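Comments concern the structure below.
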There are 2 protein chains.
Amino acid sequence: MDLQRIKYFLALSEQLHYWKTAEKVNITQSALSRQIQSLENELGLQLFERNKRNVKLTPAGKFLKEKWEVELSEIEYIHQFARQLHLGERGTVTIAHPDSISASLMPDILAKITAAFPQLQVKLVQVLYENQLEFLKNYKIDLAITRDMNSEPGIRSKKIYSDHLALVVPLEHAFKKFEDLSTKRLKAQKFILPTKDEGSSYSEIIQALFKSYDFVPDVFLHSEFGSTIIALVRKGLGIAILPDSYMHHQSLGLRFIPLPFKTDILINWRADDHNPVLANILKLVFEN
Amino acid sequence: MDLQRIKYFLALSEQLHYWKTAEKVNITQSALSRQIQSLENELGLQLFERNKRNVKLTPAGKFLKEKWEVELSEIEYIHQFARQLHLGERGTVTIAHPDSISASLMPDILAKITAAFPQLQVKLVQVLYENQLEFLKNYKIDLAITRDMNSEPGIRSKKIYSDHLALVVPLEHAFKKFEDLSTKRLKAQKFILPTKDEGSSYSEIIQALFKSYDFVPDVFLHSEFGSTIIALVRKGLGIAILPDSYMHHQSLGLRFIPLPFKTDILINWRADDHNPVLANILKLVFEN
DNA sequence: ATCCATTAATGCAAAATACGCATTAATAAA
DNA sequence: TTTATTAATGCGTATTTTGCATTAATGGAT
């Protein structure tokens with residue numbers, strides 16, 4: 001059952017004239033005649049009532065004309081849709097990202113994506129540091145934006161941004177600017193810091209920071225969630241080190257003191273992921 | 001775009017293995033490989049991600065698998081339906097019939113039809129005598145059951161039944177049986193008769209009846225509608241001549257006196273109507 | 001009634017397409 | 001490194017489709 005045959009049938013069912021139809025669909029009358037005949041044989045029914053003079057739809061032919069028209073346009077639409085999937089213009093990507101950039105980098109990226117591919121569906125999720133790579137490998141997410149490098153085989157990474165670390169203190173705190181900081185004064189503070197994960201490069205940078213001041217911080221509380229940390233600092237329970245991306249969040253009553261340490265933001269994806277949607281998004285993100 | 005190709009694709013999308021799939025669909029692996037390739041070329045997209053070792057659906061392939069499965073079963077259903085139309089097992093016939101047989105012959109015919117072709121839709125209509133042939137020719141009805149012969153070209157007729165005429169009188173009327181009738185006593189009656197249509201053979205039979213008694217009846221009222229006539233007779237407004245099929249209607253308070261005149265019932269259809277539904281119904285009606 | 005123009009079907013040879021067999025090339029596992 | 005597996009491909013053959021020319025049927029015109 002060739003769809004082309006059905007198209008020939010539909011053309012003939014409009015014209016009800018072999019010669020005119022044959023010309024319209026760019027084949028000869030004999031070819032058309034035989035195409036219709038094979039169609040009838042294949043279906044085991046008569047489509048047209050015809051003598052050498054007149055062509056007329058049978059009831060079954062009339063029925064099939066109506067139904068096939070619908071089916072063909074459905075199929076046409078499906079193929080169109082599939083081509084868009086192929087080109088990565090449609091489909092779904094699930095992206096995990098750290099909370100820190102939800103008010104800065106993420107809006108930029110999402111704006112680019114929706115501008116370039118308005119039909120694309122993006123799902124944003126937040127995933128604990130320790131689950132990021134696992135989720136990526138298990139196809140629970142397609143892209144992971146992290147502050148940590150990784151050396152997993154099968155996962156590729158690329159740096160897309162970097163921001164400074166900042167000391168976060170309440171507005172009324174004695175620390176007002178970088179020059180106020182000293183090992184002695186810092187030592188006296190209570191810190192709220194992220195969980196010290198093994199192999200987390202972000203964690204390592206923070207440790208390097210304290211090493212530069214040559215002391216071990218008094219950590220009052222560990223938390224992986226920036227918004228929690230900010231709330232605690234605002235209540236005066238301690239001070240924190242955070243990427244200065246958090247400045248873009250609502251942070252009334254807090255002071256961000258930039259530190260000379262940078263933290264990278266990387267984008268991670270499966271090396272063997274050939275979904276064209278992914279390729280399009282990566283291209284977009286790396287574009288500038 | 002051959003539907004067979006799509007079937008091959010669907011088989012492969014289940015198995016994800018060329019050799020096994022090829023065996024299952026009874027072609028060689030090379031043929032299958034090329035069928036999938038042509039399908040991909042035709043659509044302008046990739047259906048499977050494959051190296052020499054693994055076969056895996058692309059996002060577009062996954063999408064098409066789901067959609068095509070639905071489309072194929074729809075098409076299969078449509079073809080099945082069309083075949084039933086072809087065989088006359090489905091479809092619609094519109095049948096016109098006289099009121100007189102709606103309680104006798106019609107139920108018999110309809111019972112036969114629904115038993116033989118349960119999927120068939122029958123529309124029953126009643127059409128004035130003068131419109132019957134016109135409606136038939138104009139495709140407003142497909143079958144006309146009449147009491148009149150016709151000699152129209154393009155219309156074919158066949159007698160399917162005949163019943164007696166009967167004199168219809170109120171129960172308390174002096175006429176109790178055929179022997180009570182005489183020209184003299186009949187002459188004194190007021191009659192309710194059908195409209196005297198030109199060329200109506202039913203009309204002619206009734207005229208022949210009165211001729212046999214050698215008088216012209218005193219017609220109180222003309223009506224084409226049997227149920228009207230019966231109501232009037234029941235009220236004592238006159239007596240009537242009707243086919244004795246009316247005895248099967250609710251006719252309390254009435255007496256039917258059979259007369260030695262018969263009226264035929266014919267079935268009429270378009271000679272050039274090749275709708276298989278019609279052929280099936282005619283065959284059924286003529287069967288016994 | 002007869003002829004003519006129209007038009008769907010068909011015989012035939014050529015072209016296009018699909019197929020099977022055998023082989024190749026890539027790759028994962030041993 | 002070797003081996004077994006497996007999708008792709010070259011090639012000759014078989015099948016299908018096509019176009020050209022012709023035939024046969026039919027409605028309309030004279």
Side-chain angles (χ1 to χ4, degrees), chain A residues 1-58 60-62 65 137 153-154 270-274, chain B residues 1-58 60-62 65 137 153-154 270-274:
Chain A
M1 177 74 55
D2 195 330
L3 293 188
Q4 187 57 47
R5 278 194 183 155
I6 296 182
K7 286 181 188 159
Y8 290 151
F9 162 79
L10 288 179
L12 180 58
S13 74
E14 295 289 341
Q15 298 268 343
L16 295 177
H17 193 288
Y18 275 76
W19 276 73
K20 291 179 193 164
T21 306
E23 193 177 19
K24 199 174 169 187
V25 298
N26 292 316
I27 52 171
T28 57
Q29 175 268 326
S30 85
L32 177 62
S33 175
R34 269 181 279 234
Q35 287 282 358
I36 299 294
Q37 285 174 43
S38 352
L39 195 53
E40 288 182 329
N41 285 335
E42 204 169 354
L43 289 164
L45 54 82
Q46 212 180 330
L47 294 168
F48 295 99
E49 229 178 87
R50 49 200 187 276
N51 47 35
K52 304 254 164 183
R53 201 79 190 167
N54 286 307
V55 181
K56 193 183 140 194
L57 281 167
T58 61
K62 205 169 175 180
K65 169 176 151 59
K137 284 185 162 180
R270 289 181 293 276
D272 66 343
D273 190 337
H274 296 120
Chain B
M1 177 75 55
D2 194 330
L3 291 188
Q4 187 57 48
R5 279 191 183 158
I6 296 181
K7 286 180 187 159
Y8 289 151
F9 162 79
L10 289 178
L12 180 57
S13 74
E14 294 290 342
Q15 298 268 340
L16 296 178
H17 193 290
Y18 275 77
W19 274 75
K20 291 180 193 164
T21 306
E23 192 178 19
K24 198 175 171 187
V25 298
N26 292 317
I27 52 172
T28 58
Q29 173 266 327
S30 86
L32 178 61
S33 175
R34 269 180 281 233
Q35 288 281 358
I36 299 293
Q37 285 173 46
S38 354
L39 194 53
E40 288 182 328
N41 285 334
E42 204 169 354
L43 289 165
L45 54 81
Q46 211 180 329
L47 294 167
F48 295 99
E49 229 178 87
R50 49 200 186 277
N51 47 36
K52 304 255 163 181
R53 201 78 190 169
N54 286 307
V55 180
K56 195 183 137 192
L57 281 167
T58 61
K62 205 169 175 179
K65 169 176 153 59
K137 284 186 164 179
R270 289 180 293 276
D272 66 345
D273 189 338
H274 296 121

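Bear in mind that the values here come from a model prediction, so they are computed numbers and not experimental data. We name chains A, B, ... by the order of the sequence lines, and we start the count at 1 in each one.
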Dump every N/O contact between nucleotides 25-28 of chain D and the protein below 3.5 Å, one line per pair.
unit_1: dT26(D); atom_1: O2; unit_2: R53(A); atom_2: NH1; d: 3.2
unit_1: dG27(D); atom_1: O4'; unit_2: R53(A); atom_2: NE; d: 3.3

What's the [atom1]-[atom2] distance between [X] and [N], to the nearest Å?
| X | N | atom1 | atom2 | value |
| --- | --- | --- | --- | --- |
| Y18(B) | dA26(C) | OH | C1' | 15 Å |
| D2(A) | dT18(D) | CG | C1' | 14 Å |
| F48(B) | dA7(D) | CZ | C1' | 12 Å |
| Q15(B) | dA7(D) | CD | C1' | 15 Å |

OP1 or OP2 of dT17(D) under 4.0 Å from side-chain N/O of R5(A) |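 For R5(A), the contact criterion (side-chain N or O under 4.0 Å from OP1 or OP2 of dT17(D)) is met.
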Rounded distance [0.5 Å steps], [atom1] in [X] versus [atom2] in [Y]:
| X | Y | atom1 | atom2 | value |
| --- | --- | --- | --- | --- |
| R34(A) | Y8(A) | CZ | OH | 13.5 Å |
| F9(B) | E14(B) | CZ | CD | 9.5 Å |
| H17(B) | N54(B) | NE2 | CG | 9.5 Å |
| L3(A) | E42(B) | CG | CD | 8.0 Å |
| L45(A) | T58(A) | CG | OG1 | 7.0 Å |

Is atom NZ of K65(A) surrounded by more than 12 heavy atoms (other residues, nucleotides or ligands) closer than 6.0 Å?
->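 Correct, the count exceeds 12.
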Proximity to DNA chain D (any heavy atom under 4.0 Å), residues of residues 24-39 of chain A only |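 Result for residues 24-39 of chain A: I27(A), T28(A), S30(A), A31(A), R34(A), Q35(A), sorted by number.
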Name the one of I27(A), L12(A), V55(A) that satisfies side-chain contact (heavy atoms from CB on, under 4.5 Å) with T21(A)?
->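 That would be L12(A); it is the only one of I27(A), L12(A), V55(A) passing the side-chain contact (heavy atoms from CB on, under 4.5 Å) with T21(A).
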What nucleotide, of dA8(C), dA7(D), dC19(C), holds the atom closest to the side chain of Y8(B)?
->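 The closest nucleotide is dC19(C).
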Nearest heavy atoms of L10(B) and S13(B), plus distance in Å |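 Residues L10(B) and S13(B), closest heavy atoms: O-OG, 2.7 Å.
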